[in-house]
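Positions are given from 1, in the same order as the sequence printed here. Heavy-atom basis, side chains included; hydrogens, waters and symmetry copies ignored. Each ligand, and each atom within it, is numbered from 1 in the order the structure gives.
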Amino acid sequence: MTQTALIFEVFTLFPEVFEPYLQISILQRARQRGLVEVRLHNIRDWATDRHHITDDEPYGGGGGMVMKPEPIFAAVEATLGAPPKCPLILLTPQGRLFTQAIAGELALGGLERPGEPRRLGLLCGRYEGVDERVRQHLVTDEISIGDYVLTGGELAALVVIDAVTRWIPGVLGDPDGALDDSHASGLLEYPHYTRPPVFRGWKVPEVLLSGDHGRIARWRRRQSLLRTWRRRPDLLEKAQLSDEERELIQKIQRQGLSIEDELV
Ligand code: ADE
């Protein structure tokens, strides 16, 4: 068993939605190998009233319900300490927008205590949101996975767990796997092909069958650039590009080079 690198401490009203996704593929393997651990805490278990109530009407009126502070504080402080000894991230559409770079920071950020696994608290909001005092006095960070509103933070927490886990050394079979991912270099990934070489008359680009690793690497980089320029030109401003690559982009802009031109 390898040393655990990261423990996710998830606070939710619906722990049952996590297991099916955590039990497949890369996440399951990472957990079995002890590289990451996901601990699920049901906030309802920390409600002390007879009916285990976790939400209430908003002060000032209006629709919807608000998550009560007491069970959330109780669950988090019993698990992470009072005050919490690790970051506690609230998943909310009001948070900073989640990116591959933030995933990397959360995966590889500084050790709290050398030799001990790092812990990351994830708090899933539901209903209209959480009582503001949770935000002000318990949560250390707020993350949104996109500019749309989900029914709760659970899917967002799974997205964060997935993207962060991919950064943990040893999780992906290929040590450079995470570096190749779309967005890791600030660019979108190049196109992928597998067998057969011709399918319904559509051919795999000849360069990929050439065995010439230098040519293949250059082709892939150009494809990444072209694809990013076409689909997400906003990313090119921040991407780390060589002078030659910047020139290539300018040439494409001038000539309107089509992606098909570059496939051969
Ligand atoms: N909860 C509801 N919507 C969300 C979003 N877009 N990101 C993170 N958490 C959420």
* Electrostatic pair Glu245-Arg221, nearest N-O below 4.0 angstrom -> yes
All N/O donor-acceptor pairs, side-chain side in residues 155-162, below 3.5 Å, sequence neighbours left out:
residue : atom : partner : partner atom : Å
Asp162  : OD2  : Tyr21   : OH           : 2.6

* With a 4.0 Å cut-off, would you call Arg246 and Glu244 a salt bridge? -> no
* Asked: Within the structure, does Val149 bring an N/O atom to less than 3.5 angstrom of an N/O atom in ligand 1?
  -> no
* Tell me, please: is Ile143 in heavy-atom contact with ligand 1, that is, under 4.0 Å? => yes
* To do: Tell me which protein heavy atom sits closest to atom 6 (N) of ligand 1, plus the residue, atom name and distance to 0.1 Å.
  => Tyr148 O, 2.8 Å
* For atom 7 (N) of ligand 1, grab the closest protein heavy atom and report residue, atom and distance to one decimal in Å. => Ile145 N, 3.0 Å
* Structure fact -> When distances are taken from atom 3 (N) of ligand 1, the protein heavy atom at minimum range is Leu150 N, 3.0 Å
* Which of the ligand 1 atoms, numbered from 1, are nearer than 4.0 Å to a heavy atom of Leu91 -> 8 (C), 9 (N)
* Verify the distance criterion only: is there a donor paired with an acceptor across the side chains of Arg31 and Gln28 at less than 3.5 Å? => yes
* Check whether any heavy atom of Gly152 sits under 4.0 Å from an atom of ligand 1. => yes
* For ligand 1, find out whether one of its N or O atoms is nearer than 3.5 Å to an N or O atom of Gly146. => yes
* Asked: N/O to N/O below 3.5 Å, does that happen between Thr151 and ligand 1?
  -> no
* Per-atom contacts of ligand 1 with Ala156, taking only distances under 4.0 Å to non-hydrogen atoms -> 8 (C), 9 (N)
* **Least distance between heavy atoms, Pro191 atom then Tyr193 atom** => CB-CE1, 4.1 Å
* To do: Return the residue, atom name and 0.1 Å-rounded distance of the protein heavy atom closest to atom 9 (N) of ligand 1.
  => Thr92 N, 3.1 Å
* Where Pro58 and Gly64 come nearest, the two heavy atoms and their spacing -> CD-O, 3.2 Å
* Please round to the nearest 0.5 Å and tell me the distance separating atom CD1 of Ile43 and atom CD1 of Ile72. => 5.0 Å
Please output the side-chain donor-acceptor pairs of residues 90-100 that fall under 3.5 Å, not counting sequence neighbours, one pair per line with the distance.
residue : atom : partner : partner atom : Å
Thr92   : OG1  : Gln94   : N            : 3.0
Thr92   : OG1  : Arg135  : NH2          : 3.3
Gln94   : OE1  : Arg135  : NH2          : 3.2
Arg96   : NE   : Asp141  : OD1          : 3.2
Arg96   : NE   : Asp141  : OD2          : 3.4
Arg96   : NH2  : Asp141  : OD2          : 2.7
Thr99   : OG1  : Ala101  : N            : 3.4
Thr99   : OG1  : Ile102  : N            : 3.1

* Structure fact -> heavy-atom search around atom 10 (C) of ligand 1 in the protein gives Pro93 CD, 3.6 Å
